[in-house]
Undergrad: 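Got a structure here, written out as structure tokens. Questions coming.
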Amino acid sequence: MRPGEERPVEGGACAAVFEVELLKLRAAECIDEAAERLGALSRAIWSEPELAYEEHHAHDVLTRFFQSERPAASWVVQPHYQLVTAFRAEWGPTRGWAAPSPLHLGFLCEYDALPGIGHACGHNLIAEVGAAAALGVKGALESLPGPPLPVKVIVLGTPAEEDGGGKIDLIEAGAFKNLDVVFMAHPSQENAAYLPDVAEHDVTVKYYGKASHAAAYPWEGLNALDAAVLAYSNLSVLRQQMKPTWRVHGIIKNGGVKPNIIPSYSELIYYFRAPSMKELPVLTKKAEDCFRAAALATGCTVEIEGGAHDYYNVLPNKSLWKAYIENGKKLGIDFISEDAMLNGPSGSTDFGNVTFVVPGIHPYFYIGSNALNHTEQYTEAAGSQEAQFYTLRTAKALAMTALDVIFKPELLERIREDFKLKLQEEEFLNTVE
């Protein structure tokens, strides 16, 4: 059976559907067959947590995993792909199809950790899900008789999600240019095909004042700590006029060196979040006015430095997540309601930027624990044996959904239409060229 085609066999469409379901079973079997190696992969990443752009061990573990796959050389692996700790692994025939271009499906792996508490966001499991789903699709397609299908399975290792935005670096380098649909999944406390992850902008704010003796002649100084405290208070007052969907949170990173010295320097780090990239600049402008007002009131000067990348909101693709839910339910996944999904709490991710250049899905999955992300308890849960069942089940659902994309042309068309519609709503259609 060719992608998007039905074989002219007795039973017509029903026979074609049956064949796709058999392929899904084969994908699940392939994942189960690799379960021990996939678990070892996850544990190797979990046991040596590394921060953004420093994931050298995780990079090496993942590239060796694909390089050692059998049959030999079945994956073309590019270590250090565009970034030092990114990689690309590709499977698929180089020729042998009549179609002008193969379908390119991307599976994303994250593997950076958090400072101090390790894999408290479960990125070791994200890496495992991406690798497992890709193996499942590959195994299912290899089981088909006849010439190779016009399908490429691509695994992208995407570092620095927690800080910096490695996916954005890879977008700018062209790594997502030829992908048709991308898949990944994120550990959580529940199963959700989509959560409204929001747009995020971060800033570093630096106040420069003048040092002086705090007891003998404080009037000679300009207190940069006062500016920081006033900025913090300004933003707290602003909250009354903020939309309920906006979020502002920050810390005072530097507030002086000694109590009897008027601080000549202070530094704050703030994150601003809004539901969309259209709203984010409005919130950012209000917050920056608060920072500048604090400088004016204290006589200090201020520098406001934006982060290297803004994280975009994740665009929903309803056709894609409906297919994922349908497949997940076959595996016994109990999803939260659509209302809870669309109105639930969320964070931000550089996967949002990906959804502005290629259709994608970023579901969340339960790992056997009610611990909250970014806690020591979640770190423990992400490394547990119990998490393995839920992780591999999610990988199976992703692989099954990818097979639907391959063999159901009407689904792929709806996915592409959903993508274009959401870009139009965000006024970003010009990004798809």
Side-chain angles (χ1 to χ4, degrees), residues 105-112 121-134 154-162 165-168 170-171 175-176 179-200 273 275-277 309-328 333 335-336 338 340-367 373 382 390-391 393-402 404-405 415 418-419 422-423 426 428:
L105 301 182
F107 295 87
L108 308 188
C109 298
E110 294 177 5
Y111 33 88
D112 60 325
C121 211
H123 288 194
N124 59 302
L125 301 178
I126 296 177
E128 182 180 2
V129 163
I154 293 147
V155 181
L156 282 179
T158 61
E161 189 276 338
E162 293 289 355
K167 294 182 191 65
I168 307 170
L170 290 170
I171 289 169
F176 290 86
L179 297 183
D180 291 288
V181 184
V182 293
F183 303 82
M184 67 169 289
H186 196 295
S188 181
Q189 299 78 46
E190 57 202 4
N191 295 300
Y194 168 79
L195 286 179
D197 288 309
V198 298
E200 186 269 339
R273 304 182 199 250
S276 71
M277 287 301 296
H309 300 300
D310 288 346
Y311 282 18
Y312 291 6
N313 49 296
V314 174
L315 298 182
N317 194 295
K318 198 165 187 177
S319 296
L320 194 49
W321 57 252
K322 277 189 170 182
Y324 175 76
I325 289 175
E326 182 180 335
N327 285 303
I333 298 178
F335 292 96
I336 62 174
E338 184 172 335
M341 186 171 71
L342 297 176
N343 295 287
S346 60
S348 303
T349 170
D350 56 358
F351 186 82
N353 301 63
V354 174
T355 66
F356 278 71
V357 296
V358 59
I361 186 170
H362 183 275
Y364 286 82
F365 65 98
Y366 174 72
I367 65 169
N373 294 63
Y390 301 102
T391 301
R393 183 173 67 169
T394 299
K396 293 172 187 177
L398 283 182
M400 292 162 69
T401 305
D404 282 333
V405 171
I415 289 168
D418 287 354
F419 174 60
K422 287 301 176 182
L423 285 180
E426 294 281 338
F428 263 76

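Remember, it's a predicted structure, so these values are computed and weren't measured experimentally. Numbers here simply count residues along the sequence, with the first being 1.
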Undergrad: Between Ile361, Thr158, Val182, which is the residue that forms a side-chain contact (heavy atoms from CB on, under 4.5 Å) with Phe351?
TA: Val182

Undergrad: For the backbone of Leu342 and the side chain of Tyr194, can you confirm whether one donor and one acceptor N or O come within less than 3.5 Å of each other?
TA: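 Between the backbone of Leu342 and the side chain of Tyr194 there is no qualifying donor-acceptor contact (under 3.5 Å).
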
Undergrad: Can Met277 and Tyr312 be said to form a side-chain contact (heavy atoms from CB on, under 4.5 Å), step by step?
TA: CA-CA 6 Å; Met277 287 301 296; Tyr312 291 6; 3.3 Å; yes

Undergrad: Using a 4.5 Å cut-off on heavy atoms from C-beta on, say whether the side chain of Leu398 contacts that of Pro363.
TA: yes

Undergrad: What is the minimum heavy-atom distance between Pro316 and Lys422, and which atoms define it?
TA: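 Heavy atoms of Pro316 and Lys422 come nearest at O-CG, 3.5 Å.
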
Undergrad: side-chain contact (heavy atoms from CB on, under 4.5 Å) for Asn191 and Ile336? Distances and angles first, verdict last.
TA: CA-CA 6 Å; Asn191 295 300; Ile336 62 174; over 6 Å; no

Undergrad: Just so I know, are the side chains of Tyr364 and Glu190 near enough to count as touching, which here means a heavy-atom distance under 4.5 Å?
TA: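 Of all side-chain heavy-atom pairs linking Glu190 with Tyr364, none is under 4.5 Å.
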
Undergrad: Would you check if Cys109 and Ile126 make a side-chain contact, meaning some heavy-atom pair closer than 4.5 Å?
TA: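 Sidechains of Ile126 and Cys109: no contact.
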
Undergrad: For the pair Ile154 and Leu179, evaluate side-chain contact (heavy atoms from CB on, under 4.5 Å) and give the outcome as yes or no after the intermediate values.
TA: CA-CA 8 Å; Ile154 293 147; Leu179 297 183; 3.6 Å; yes

Undergrad: With a 4.5 Å heavy-atom cut-off, do Tyr324 and Leu320 have their side chains touching?
TA: no

Undergrad: Which heavy-atom pair separates Ala382 from Gly122 by the least distance, and what is that distance?
TA: CB-CA, 3.8 Å

Undergrad: Identify the heavy atoms of Leu156 and Ala175 that sit nearest to each other, and give their distance.
TA: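 Scanning both residues completely, I find the closest heavy atoms to be CD1-O, 4.0 Å.
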
Undergrad: Output yes when a side-chain donor or acceptor of Ser346 lies under 3.5 Å from a complementary backbone atom of Pro196, and no otherwise.
TA: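 Checking the backbone N and O of Pro196 against the side chain of Ser346, a donor-acceptor pair under 3.5 Å is found.
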
Undergrad: Between Phe335 and Trp321, is any pair of side-chain heavy atoms under 4.5 Å apart?
TA: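 Answer no - side chains too far apart.
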
Undergrad: So Thr349 and Val314, do their side chains get closer than 4.5 Å, heavy atoms only?
TA: yes

Undergrad: Hydrogens and angles aside, do Asp404 and Asn327 bring a side-chain donor and acceptor to less than 3.5 Å of each other?
TA: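 Present: a donor and an acceptor within the cut-off.
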
Undergrad: Looking only at heavy atoms, which two atoms of Ala185 and Val129 are closest? And how far apart?
TA: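 Looking at all heavy atoms of both residues, the closest pair is CB-CG1, 3.9 Å.
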
Undergrad: Checking side-chain contact (heavy atoms from CB on, under 4.5 Å) for the pair Leu423/Leu315: CA distance, chi angles, key distance, verdict?
TA: CA-CA 8 Å; Leu423 285 180; Leu315 298 182; 3.7 Å; yes

Undergrad: Got a second to check how far Asp418's CG is from Asn317's CG, nearest 0.5 Å?
TA: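 That separation rounds to 4.5 Å.
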
Undergrad: Between Ser348 and Val198, is there a donor-acceptor pair closer than 3.5 Å when you use the side chain of the first and the backbone of the second?
TA: yes

Undergrad: For Ala134 and Val155, work out which heavy atoms get closest and say how close.
TA: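 Nearest heavy atoms, Ala134 then Val155: CB-CG2, 3.4 Å.
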
Undergrad: Return yes if some donor-acceptor pair links the side-chain N/O of Tyr311 with the main-chain N/O of Glu161 below 3.5 Å, else return no.
TA: yes

Undergrad: Please determine, by modelled atom types, if Glu200 and Asn313 share a side-chain donor-acceptor pair under 3.5 angstrom.
TA: no

Undergrad: Assign the ring pair Phe107 / Phe183 to parallel, tilted or perpendicular, where the plane angle (0 to 90°) is split at 30° and 60°.
TA: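 Parallel.
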
Undergrad: If we ignore hydrogens and angles and just use 3.5 Å, is the side chain of Asn353 paired with the main-chain N or O of Asp310 as donor and acceptor?
TA: yes

Undergrad: How many angstroms lie between CD in Glu426 and OG in Ser276, if you round to the nearest 0.5 Å?
TA: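 The OG atom of Ser276 is 5.0 Å from CD of Glu426, to the nearest 0.5 Å.
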
Undergrad: Look at the side chain of Asp350 and the backbone N and O of Lys167, then say whether any donor-acceptor pair between them is shorter than 3.5 Å.
TA: yes

Undergrad: Could you tell me if the side chain of Leu170 sits less than 4.5 Å from the side chain of Ile168, heavy atoms only?
TA: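 Not in contact.
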
Undergrad: Please lay out, stage by stage, how Glu338 and Lys322 fare under the test salt bridge (charged side-chain N to carboxylate O under 4.0 Å, His left out).
TA: CA-CA 10 Å; Glu338 184 172 335; Lys322 277 189 170 182; over 6 Å; no

Undergrad: In Å, rounded to the nearest 0.5 Å, how long is the span from CD1 of Ile333 to NZ of Lys396?
TA: 10.0 Å

Undergrad: Do the two ring centres, one from Tyr390 and one from Phe365, sit under 6.0 Å apart?
TA: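 No; Phe365 has its ring centre 6.0 Å or more from that of Tyr390.
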
Undergrad: Using 30° and 60° as the class limits, which term best fits the ring planes of His186 and His123: parallel, tilted or perpendicular?
TA: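 Because their plane-to-plane angle is over 60°, the rings of His186 and His123 count as perpendicular.
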
Undergrad: With no hydrogens and no angle check, just 3.5 Å: does a side-chain donor-acceptor pair link Asn373 and Gln189?
TA: yes

Undergrad: State, yes or no, whether a side-chain contact exists between Met400 and Glu326 at a heavy-atom distance under 4.5 Å.
TA: no

Undergrad: Provide the closest heavy-atom pair for Pro187 versus Leu125 in the form atom of the first, atom of the second, distance.
TA: CG-CB, 3.9 Å

